[in-house]
Structure formats: structure tokens, C-alpha cells
Visitor: 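Pasting a structure here, questions to come.
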There are 2 protein chains.
Amino acid sequence: MAPPEASTLEILRTHSLASVAGREIERLILGGEIPAGSRINEQALADRLGISRGPVREAIRGLERSGLVVTVINQGSYVRKVSAAEALELYDLRALITGEACATIAANPPPGALARLKALTGAMAEAATADDAQRYYGLNLDFHAALLEAGAGPRAQRIYADLGNELHLFRRRALVAPENMRESNREHAAMLAALRSRDPDAARRVGETHIRNGKRRFAASTPAVENDQGPPQAATGGEPGHARPTPDPPRRRAPRIARGR
Amino acid sequence: MAPPEASTLEILRTHSLASVAGREIERLILGGEIPAGSRINEQALADRLGISRGPVREAIRGLERSGLVVTVINQGSYVRKVSAAEALELYDLRALITGEACATIAANPPPGALARLKALTGAMAEAATADDAQRYYGLNLDFHAALLEAGAGPRAQRIYADLGNELHLFRRRALVAPENMRESNREHAAMLAALRSRDPDAARRVGETHIRNGKRRFAASTPAVENDQGPPQAATGGEPGHARPTPDPPRRRAPRIARGR
DNA sequence: CCGCTGCAAACTGTTGACGATCGACGATCG
DNA sequence: CGATCGTCGATCGTCAACAGTTTGCAGCGG
């Protein structure tokens with residue numbers, strides 16, 4: 001194989017620095033190295049990645065659009081903090097997409113899709129038996145990715161992925177109880193059966209229910225609706241007329257109206 | 001009122017140049033001033049906006065994430081060209097979200113929502129009678145925005161808005177036939193009735209059907225599946241291993257494999 | 001002891017400039 | 001006469017520096 005330096009150069013020839021920085025920052029955020037709610041220091045990140053601030057800023061702009069960070073003028077970018085209510089909505093939307101994908105697959109299963117899903121379910125069963133939550137988690141991601149690939153278009157897949165990323169921001173990782181693993185995989189098996197049955201409506205119901213049950217398990221494992229403060233989020237519409245609808249990422253605010261100049 | 005200059009300065013104090021540039025570029029794209037498929041000249045845009053290339057690049061990076069533009073390394077950014085197949089998927093996703101919103105509203109209508117929707121339907125009826133497609137179009141947007149506001153969360157609203165923006169890219173604007181307007185508004189009335197009926201399932205069906213009918217009308221007005229070439233779109237996953245899955249925004253292609261160096 | 005004022009450091013927002021790459025045009029050679 | 005190579009212009013990607021703002025702290029006064 002070629003030495004890693006050559007590979008790096010080849011990557012640089014095909015991907016811009018901003019894009020690789022974007023993936024790296026996304027990894028740092030989702031991996032928890034940059035905790036939710038914390039501020040992102042552009043200079044520090046640039047130094048860490050060995051690049052300049054320009055590409056870092058561009059990458060942050062992209063992550064902002066995808067909902068991972070929020071930016072306050074002259075103050076910086078913050079890793080978005082997803083509230084419990086928002087997390088619940090994310091589950092609902094995922095349920096919707098998953099149900100639709102199940103219905104599509106049941107109506108006309110792509111060749112090989114069911115076999116692949118079945119194999120993943122089997123592997124998850126093994127992981128659940130071994131209480132290997134880490135492995136189960138990864139396989140679960142694969143299962144749902146395969147499901148979407150088989151029954152949803154590229155746009156839906158991207159939306160689903162974005163929603164999953166945002167969900168990671170709510171908590172460092174919803175702890176996976178052993179019983180939850182087994183219950184979840186039972187639902188996977190039920191989904192598979194429904195997909196085989198060629199009944200789109202039933203498949204949609206089962207798929208939706210699976211995610212909704214995940215939402216329930218998630219809500220049950222959440223201690224309470226921790227309501228630290230106004231959740232930082234920049235929605236679509238933001239008129240300058242409003243005082244400040246939601247953007248209070250940091251806790252310290254000095255609302256000095258002394259902006260007279 | 002204050003002179004526009006002062007207002008501009010105040011905006012600059014609360015919004016970054018990149019964000020206003022983003023809105024402006026989005027407006028240019030959706031308004032058709034920058035046609036779909038064309039390249040975006042950063043310098044020219046910066047000059048036009050009277051700013052430097054930095055904010056423009058940041059804005060483009062954000063639009064890229066939201067699916068309005070695609071960027072090819074060392075070649076530039078192109079206004080995304082949505083294929084017919086992609087447009088159909090966009091309709092499906094909008095149908096899904098709209099149906100869900102209808103079901104939610106029917107289950108528990110927020111105060112004032114039904115009245116507002118009814119008023120909009122009435123206004124649309126007037127516009128349809130007057131054959132004022134422009135006005136009908138705007139009211140239709142308002143209607144669906146109000147629907148989502150009443151029955152969907154902020155995230156779903158943002159997704160819906162993004163999908164609508166992408167849909168604009170397919171064609172300069174699907175021409176609205178007078179009969180289509182009337183048919184569409186009849187469906188609006190049916191939706192309203194279903195919402196009043198307090199039957200979530202029925203409301204969901206009607207809402208979904210409305211969008212699916214819009215999809216049908218759209219497909220009927222589309223001359224054919226114009227298949228110029230591989231549609232430029234950057235999906236979620238992009239391994240450097242693949243040769244080049246889809247990114248062929250410009251028509252001139254020089255697939256010389258002579259990248260040996 | 002607490003609050004206010006002023007200054008200094010840090011950081012962000014923006015700009016301009018430099019190097020590198022790509023596409024196009026024209027010249028040269030088979 | 002056609003194809004290939006070299007050169008040129010245009011544009012992108014990246015960097016370093018400047019200006020403006022916010023934050024934190026020290027000093028002062030009440």
C-alpha cells in the first residue's frame with residue numbers, strides 16, 4: 001500500500017480542507033470531545049488541526065446549517081444543546097421516515113435487502129446475548145442505515161442521518177440497558193417479518209412503533225426534563241424585530257442596552 | 001422611520017455579513033437570478049454584495065449543507081440541479097410531514113389555527129377566481145406554513161422549508177394552471193374539514209393526498225424526465241475510493257484518468 | 001464590603017494577498 | 001489535418017493580518 005503521506009496528499013487533492021475540517025469537527029462533537037453547550041474556539045481548533053481559521057470557519061458554517069452548532073455574533077459558535085422536547089421531536093420525525101421506508105420495502109423489497117437486514121438482526125442478537133452494548137449500538141446504526149438505503153431516497157437518508165446526529169447532542173449517549181437491547185431487537189425481528197409479509201401498512205406501523213418505542217425507552221432513561229435555561233437553537237425564521245427569541249447559548253449575559261454610540 | 005443607512009448598520013451589529021450574504025444568495029438562487037446548474041463566481045458575488053470573498057465562501061458553505069449548491073474542488077460551486085426523480089422524492093417527504101402535521105392538529109387543534117387556515121383558504125378561493133396565480137402561490141405557501149406551525153415542531157418546519165427550497169430548483173416555477181388552483185384549493189377545504197373532524201387518521205390521509213396530488217399535477221406538467229446527465233448532488237456518504245459517483249456539475253467533462261503525476 | 005469604571009487581553013469578523021489548480025487557446029509535431 | 005503539449009488567464013483554496021467587539025480583571029469610590 002502507499003504510505004499514508006501520499007494518501008493524505010491525494011485526499012487534499014480531492015477534498016477541500018474545509019470539508020475534512022468539517023468531518024473532523026463533527027467527529028469531535030459527536031464523540032463528545034467538544035461537549036454540548038461549550039463554546040468552539042476557532043483559533044484553538046485551527047491550531048489543533050494544523051490549519052488556518054478560514055477553513056475552520058467555513059466548516060462551522062456548514063455544521064450550523066445542519067443543526068450541530070449555533071453561532072452568536074461577536075461571541076462565537078456553541079455546540080448545540082438539544083432539549084428534551086427537541087429530542088422527542090427528533091424521534092417523531094425518525095419514526096415517520098422509518099415507517100415510510102418500511103412501507104416502501106414491503107411494497108417492493110429490493111433484492112438482497114431482506115437478507116442483509118436479517119443478517120444484521122442475527123448479529124445484533126448475538127451482541128445482545130453477549131451484553132455487548134457497544135457492538136449492538138453500531139449494528140443498530142447499520143441496520144437502520146440499510147433499512148433506509150433499501151426503502152428511502154437519498155434525501156430522506158440524509159435527513160435521517162442529520163436527525164441522528166442531533167440526537168447525539170442531547171446526551172453523551174443514552175445508556176443502553178441489556179433488557180432494552182433485547183426488546184429493541186425483538187422489534188427488529190417484527191419489522192423484518194412485516195417487511196416479508198408484503199403488507200405496506202402493517203410494515204409502516206411496525207417500523208414507526210419501533211422508533212416510538214425507542215423514544216419511550218429514551219424518555220424513561222432520562223432523569224427529568226432538565227431545564228437549565230433557554231435552549232440555544234436558531235430556527236429558520238429569525239426577525240431582528242424580536243428581542244431575543246431563543247439565542248442565549250452562554251449563561252452569562254450582560255443585556256446592557258448601552259449600545260448607544 | 002429611521003433612514004435605511006442606520007438600519008443597515010444596526011443589522012450589521014446583530015447579523016454577521018456571512019449570514020446576510022447567505023440570505024441574499026439564497027434569494028438570488030430561488031428567485032432565479034442565478035439559474036440552476038450555473039456556476040457561482042465568488043469574486044463576482046462578493047463585488048455585487050460589496051463585501052469580501054470570505055463571508056461569501058462561508059455563506060456558500062452553509063447553502064451547500066442545506067442542499068442548494070454543490071461544490072467541486074478547485075472548480076467552484078454550482079447551483080444544484082434537482083432531477084425529476086429527486087423532485088418526486090421531495091414531494092413524498094413533504095407529503096409525509098404534512099400528513100403528520102394534519103394528524104397532530106386533528107388530535108388537538110391549537111386555538112386559532114383552524115380559523116387562520118380557513119381564512120387563508122378563503123383568500124385562496126378569491127385568488128383562484130381571479131386567476132391570480134401569483135397571489136395564490138403566496139397564499140398557498142402561507143397556508144402550508146401555518147399548517148406546519150400549528151401541527152409540527154420547529155425541526156419539521158425547517159425540514160419542510162428546506163425541501164420547498166430544493167423543489168424550487170427543479171424548474172423556474174411549475175406553471176400554475178387555473179384549473180390546478182381550483183383543484184388544489186378544493187383539497188385545502190377537504191383538509192380543513194378533516195382537521196375539524198377530530199379524526200387524526202383521516203386528516204393524515206387527506207393531508208398526504210393533497211401533497212401527493214400536487215406531485216401528480218407537477219409530474220403531469222413536466223414535459224418528460226429530462227435526463228441531461230448525472231445529476232449533481234453530494235449525498236451523505238462520499239468515500240474517496242469511488243471514482244466519481246455523481247459530482248459532474250458542468251457539462252464539459254474531461255474524464256482523463258491521466259492523474260498520474 | 002460591594003458596586004462601578006476603565007483598561008487590557010482574547011476572540012471574532014473581515015479583508016487583502018499569495019500560491020495552486022483548472023480550463024481554454026494556440027503552437028508544434030506526427 | 002488531427003492530436004498532443006505548452007502557455008496563459010481566470011478562479012479557487014488558503015493564509016496572515018487588521019479592525020471591532022466582548023470578556024475579564026484591576027483599581028477606585030461609595
Side-chain angles (χ1 to χ4, degrees), chain A residues 8-22 24-25 38-64 69-78 244 247-261, chain B residues 8-22 24 34 38-64 69-78 244 247-261:
Chain A
T8 301
L9 287 186
E10 196 54 31
I11 287 180
L12 251 295
R13 193 178 303 283
T14 48
H15 294 345
S16 80
L17 260 188
S19 72
V20 300
E24 183 64 12
I25 299 175
S38 72
R39 223 194 57 188
I40 297 176
N41 189 322
E42 295 177 1
Q43 186 64 52
L45 248 178
D47 293 344
R48 175 169 185 170
L49 299 179
I51 60 179
S52 180
R53 277 178 51 215
V56 171
R57 282 180 63 85
E58 292 183 20
I60 289 178
R61 252 340 136 151
L63 294 179
E64 184 178 12
V69 307
V70 292
T71 299
V72 179
I73 184 96
N74 277 334
Q75 196 177 352
S77 300
Y78 295 80
R244 60 192 69 85
D248 318 344
R251 53 184 170 282
R252 63 247 333 199
R253 31 201 13 271
R256 352 184 94 262
I257 333 284
R259 61 182 52 221
R261 95 92 106 234
Chain B
T8 301
L9 287 186
E10 196 52 30
I11 288 180
L12 249 296
R13 193 178 302 281
T14 48
H15 294 357
S16 82
L17 260 188
S19 72
V20 299
E24 184 63 13
I34 306 180
S38 72
R39 224 194 55 193
I40 297 176
N41 189 322
E42 297 178 356
Q43 187 63 52
L45 248 178
D47 293 344
R48 174 169 186 171
L49 300 178
I51 59 179
S52 179
R53 275 180 53 216
V56 172
R57 282 181 61 86
E58 293 182 20
I60 289 178
R61 207 47 84 148
L63 295 179
E64 183 177 13
V69 305
V70 293
T71 300
V72 180
I73 184 119
N74 279 332
Q75 197 179 351
S77 300
Y78 295 80
R244 59 192 67 84
D248 320 344
R251 54 180 169 284
R252 57 273 307 233
R253 38 211 355 276
R256 350 185 98 262
I257 336 277
R259 64 179 50 227
R261 90 90 104 242

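A note on names: the letters A, B, ... follow the listed sequences, proteins ahead of strands, and every chain is numbered from 1.
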Visitor: Of all the heavy-atom pairs spanning B:H15 and A:I73, show the shortest one and how long it is.
Guide: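 Looking at all heavy atoms of both residues, the closest pair is C-CD1, 3.5 Å.
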Visitor: To the nearest Å, how far apart are A:I73 CD1 and D:dT22 P?
Guide: 9 Å
Visitor: List every contact pair, protein side and nucleotides 5-11 of chain D side both N or O, where the distance is under 3.5 Å.
Guide:
residue : atom : partner : partner atom : Å
D:dT11  : OP1  : B:N41   : ND2          : 3.2

Visitor: From B:I60 CD1 over to B:T71 OG1, what is the distance, rounded to the nearest 0.5 angstrom?
Guide: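 Here the interatomic distance stands at 6.5 Å.
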Visitor: Once side chain to side chain contact (heavy atoms under 4.5 Å, CB included) is applied, do any residues pair with B:R48, and if so which ones, sequence neighbours excluded?
Guide: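 Here the qualifying residues are B:L28, B:E33.
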Visitor: Between A:L17 and A:V20, which heavy-atom pair has the shortest distance, and what is it?
Guide: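 Looking at all heavy atoms of both residues, the closest pair is O-CG2, 3.0 Å.
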Visitor: A:I51 has an atom CD1; how far is it from atom C1' of D:dA16, in whole Å?
Guide: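 The answer, rounded to whole Å, is 14 Å.
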Visitor: Salt bridge or not between A:E64 and A:R61? Use side-chain N to carboxylate O under 4.0 Å.
Guide: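 Looking at A:E64 and A:R61, the cut-off is met.
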Visitor: How would DNA chain C look in dot-bracket form, 5' to 3', counting Watson-Crick and G-U wobble pairs with both distances under 3.5 Å and writing | for bases paired to another strand?
Guide: ||||||||||||||||||||||||||||||
Visitor: Rounded to the nearest angstrom, tell me the gap between atom CG in A:L17 and atom P in D:dA16.
Guide: 12 Å
Visitor: Could you work out, with side chain to side chain contact (heavy atoms under 4.5 Å, CB included) as the rule, every residue matching A:S52, not counting sequence neighbours?
Guide: A:P55
Visitor: Tell me which residues in residues 52-62 of chain A lie within less than 4.0 Å of DNA chain C, going by non-hydrogen atoms.
Guide: A:R53, A:R57
Visitor: Looking at residues at least two apart in the chain, or sitting in another chain, which of them share a side chain to side chain contact (heavy atoms under 4.5 Å, CB included) with A:A59?
Guide: A:A21, A:I25
Visitor: Taking atom CG of B:L63 and atom OG of B:S77, what is their separation to the nearest 0.5 Å?
Guide: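 Here the rounded value is 9.0 Å.
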Visitor: Quick one: A:D47 CG to C:dA10 P, roughly how many Å, whole number?
Guide: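 The distance from CG of A:D47 to P of C:dA10 comes to 13 Å, rounded to the nearest Å.
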Visitor: Applying side chain to side chain contact (heavy atoms under 4.5 Å, CB included), name anything that partners B:R53, two or more places apart in sequence or on another chain.
Guide: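 B:R53 satisfies side chain to side chain contact (heavy atoms under 4.5 Å, CB included) with B:E42, B:Q43, B:A46, B:R57 once adjacent residues are dropped.
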Visitor: Rounded to the nearest Å, what distance is computed from the CD atom of residue A:E64 to the C1' atom of nucleotide C:dG13?
Guide: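 Atom CD in A:E64 sits about 14 Å away from atom C1' in C:dG13.
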Visitor: Separation of B:N74 atom CG from C:dA20 atom P, in whole Å?
Guide: 12 Å
